[in-house]
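All figures in this text were calculated on a predicted structure; none of them were measured in a lab.
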There are 2 protein chains.
Amino acid sequence: MNNLISIKSATLSEDIAQQLTNAIVQGQIPQGSKISEPELAKQYGVSRGPLREAIVKLEGLGLVTRTANVGARVIELNTQDMLDTFTMREALEGMAARLAASKMPSDEINNLYALLDKHQAHLDANQDEHYVQQGGNDDFHLRIIHASGNAKLIRLLTEELYAVIRMYRRHTADQRSDPRQALREHKAILDAIANHEGDLAELLMRRHISRASRLLKQAMEHSAIASRT
Amino acid sequence: MNNLISIKSATLSEDIAQQLTNAIVQGQIPQGSKISEPELAKQYGVSRGPLREAIVKLEGLGLVTRTANVGARVIELNTQDMLDTFTMREALEGMAARLAASKMPSDEINNLYALLDKHQAHLDANQDEHYVQQGGNDDFHLRIIHASGNAKLIRLLTEELYAVIRMYRRHTADQRSDPRQALREHKAILDAIANHEGDLAELLMRRHISRASRLLKQAMEHSAIASRT
DNA sequence: ACTAGCAATATTGTTAACAATAAAGTATTT
DNA sequence: AAATACTTTATTGTTAACAATATTGCTAGT
């Protein structure tokens with residue numbers, strides 16, 4: 001069951017943390033469910049020590065909440081928390097776009113234009129398929145974040161907040177997102193960056209995320225996730 | 001030695017994490033020093049289990065860095081990391097000020113005006129003493145952050161990033177900060193919030209933090225901290 | 001004298017047993 | 001029959017011993 005992606009990390013604890021993160025983000029461990037230490041330890045074939053360390057890490061990532069002498073539970077997605085999280089994203093990725101506009105080397109800008117062309121081609125080819133934000137190295141947002149050159153910002157967005165964001169994206173399946181509109185916005189942001197217009201880049205990135213957040217909100221309110229409370 | 005503030009938490013791990021955080025922020029455990037598990041365990045009178053959990057938490061707070069099979073080291077403050085951190089603060093606290101401008105109830109606004117008056121009185125009384133940003137409930141910034149009403153933002157700023165920010169503040173002693181100027185800026189920010197001018201509040205908060213960051217940079221470059229590398 | 005390889009030591013990672021707290025179930029009382 | 005107190009059970013928190021890795025110090029060779 002766990003032979004999906006079994007990356008041998010340097011330490012068991014890291015390995016388990018990674019696997020647990022994926023399992024939670026992908027919904028294999030359902031929202032609100034209790035994390036039983038003995039059960040999971042047996043399931044992953046480790047002792048409770050490394051498993052507990054992993055749980056502490058997940059708590060830091062905001063994927064589980066722990067209460068003393070009771071245990072850990074997987075968080076439950078709800079509209080308010082999503083809105084709060086995306087407001088933070090607005091602030092942080094907006095700043096990332098601003099920084100990128102002043103620092104991004106021209107060859108990387110060209111790479112990004114090429115990436116957007118690739119996305120465009122993909123959209124033209126697969127007419128109806130809803131163009132998922134892939135989350136890999138082809139993710140426009142990740143590229144902008146890295147281009148900010150701010151190590152702390154990069155770590156916060158790509159390591160600490162990213163898991164939760166991915167969770168929201170995945171569980172709502174981005175049904176109503178309009179991929180062509182998103183791509184247009186990406187292009188506008190990149191144009192601003194290419195022209196070294198930091199103010200504009202920040203503004204556009206904020207609007208882009210704000211719009212995504214509104215769409216997600218609608219999707220959540222009309223889906224089972226909201227009513228699962 | 002540790003009877004300074006020995007808060008009995010529900011669990012040993014939390015307790016140790018709190019004590020270690022304070023010890024690092026206040027410099028009792030020096031920057032760059034190695035965290036020896038056996039040593040600290042003996043010192044705090046606990047076994048290595050809870051201590052390790054505490055270290056994992058501190059890693060999440062960015063106070064220590066860990067490498068597998070080698071151990072944990074206290075971070076070393078340096079100018080670049082400080083600038084990166086304060087850039088994030090600009091984005092996040094700027095957003096907090098914007099949100100506060102749209103949400104803050106009028107009685108809390110009055111409370112804050114009273115607080116600033118108190119700060120003013122304190123400055124008038126103690127002419128030369130450099131008005132430390134106290135970090136308690138009297139801290140203007142904390143009040144604005146809480147007024148944002150964004151639970152995720154509050155947690156991030158006051159629980160995850162705050163320890164490191166306090167560390168920078170303390171280790172540079174804010175020598176060159178001009179408390180009267182800072183107070184004027186606080187008043188301007190509060191005015192904007194009182195008038196529900198979100199854009200302005202955000203702009204002013206960003207400038208305020210940016211200025212503090214420039215001053216800190218100067219202080220660090222002319223102090224022993226920068227040369228300790 | 002300096003470098004390279006090896007042995008010894010100490011530290012971290014992991015495990016399993018023990019203690020303490022909370023949850024569940026049962027019995028007893030009103 | 002319902003509610004409360006108590007007992008039992010299971011889970012979390014903690015400890016101490018064991019395994020594995022990295023560092024240190026020594027020896028030998030050039």
* Please give, in whole Å, the distance from D/dA10 C1' to A/E39 CD? -> 13 Å
* To do: Could you tell me whether A/I35 contacts a base, only the sugar-phosphate backbone, or nothing, with contacts defined as non-hydrogen atoms closer than 4.0 Å?
  => sugar-phosphate
* To do: Indicate, with a heavy-atom threshold strictly under 4.0 Å, whether B/I16 touches base, sugar-phosphate, or nothing.
  => nothing
* Structure fact -> When rounded to the nearest 0.5 Å, the distance separating CE of B/M104 from CG of B/L190 is 6.5 Å
* To do: Report the relative orientation of the aromatic rings in A/H208 and A/H141; use parallel for angles under 30°, tilted for 30 to 60°, perpendicular for over 60°.
  => parallel
* Residues in contact with DNA chain C, drawn from residues 61-75 of chain A - heavy-atom cutoff 4.0 Å -> A/N69, A/V70
* Measure from the side-chain heavy atoms of B/R48 and tell me the nearest of C/dG13, C/dT15, D/dG13. => C/dG13
* Asked: Would you say the side chains of A/S210 and A/R214 form a donor-acceptor pair under 3.5 Å?
  -> yes
* **B/K103, NZ: over 12 other non-hydrogen atoms inside 6.0 angstrom** => yes
* To do: Would you kindly give the CD-to-C1' distance between A/E53 and C/dG13, to the nearest whole Å?
  => 8 Å
* To do: Measure from CG on A/D15 to C1' on C/dG13 and round the result to the nearest Å.
  => 14 Å
* C/dT11 C1' sits how many Å from B/K42 NZ, rounded? -> 14 Å
* So what is the end-to-end bend of the helix from C/dA1-D/dT30 to C/dT30-D/dA1, with 5 pairs used at each end and the value given to 10 degrees? -> 10°
* Asked: Do the side-chain N or O atoms of B/K34 get closer than 4.0 angstrom to the phosphate oxygens (OP1, OP2) of C/dT12?
  -> yes
* Rounded interatomic separation in angstrom, taking CG from B/L51 and P from D/dA16 -> 14 Å
* Spacing between B/E37 atom CD and C/dG13 atom P, to the nearest angstrom -> 6 Å
* Asked: A/T11 side chain N/O closer than 4.0 Å to the phosphate oxygens (OP1, OP2) of C/dT12?
  -> no
* In whole angstroms, how far is the P atom of D/dG13 from the CD1 atom of A/I55? -> 9 Å
* **Between CD1 on residue B/I144 and CG on residue B/L99, distance to nearest 0.5 Å** => 11.5 Å
* B/K57/B/T21 under side chain to side chain donor-acceptor pair (under 3.5 Å): CA gap, chis, key distance, verdict -> CA-CA 10 Å; B/K57 281 181 196 156; B/T21 300; over 6 Å; no
* To do: Kindly say whether A/I209 contributes a backbone atom to a donor-acceptor pair with the side chain of A/S213 at under 3.5 angstrom?
  => no
* Structure fact -> In whole angstroms, the gap separating P of D/dT11 from CG of A/L40 amounts to 12 Å
* With a 4.5 Å heavy-atom cut-off, do A/Q19 and A/Q28 have their side chains touching? -> no
* Asked: Has B/R52 got a side-chain N or O lying under 4.0 Å from the OP1 or OP2 atom of C/dG13?
  -> yes
* Answer yes or no: is there a side-chain heavy-atom contact under 4.5 Å between B/L20 and B/L40? => yes
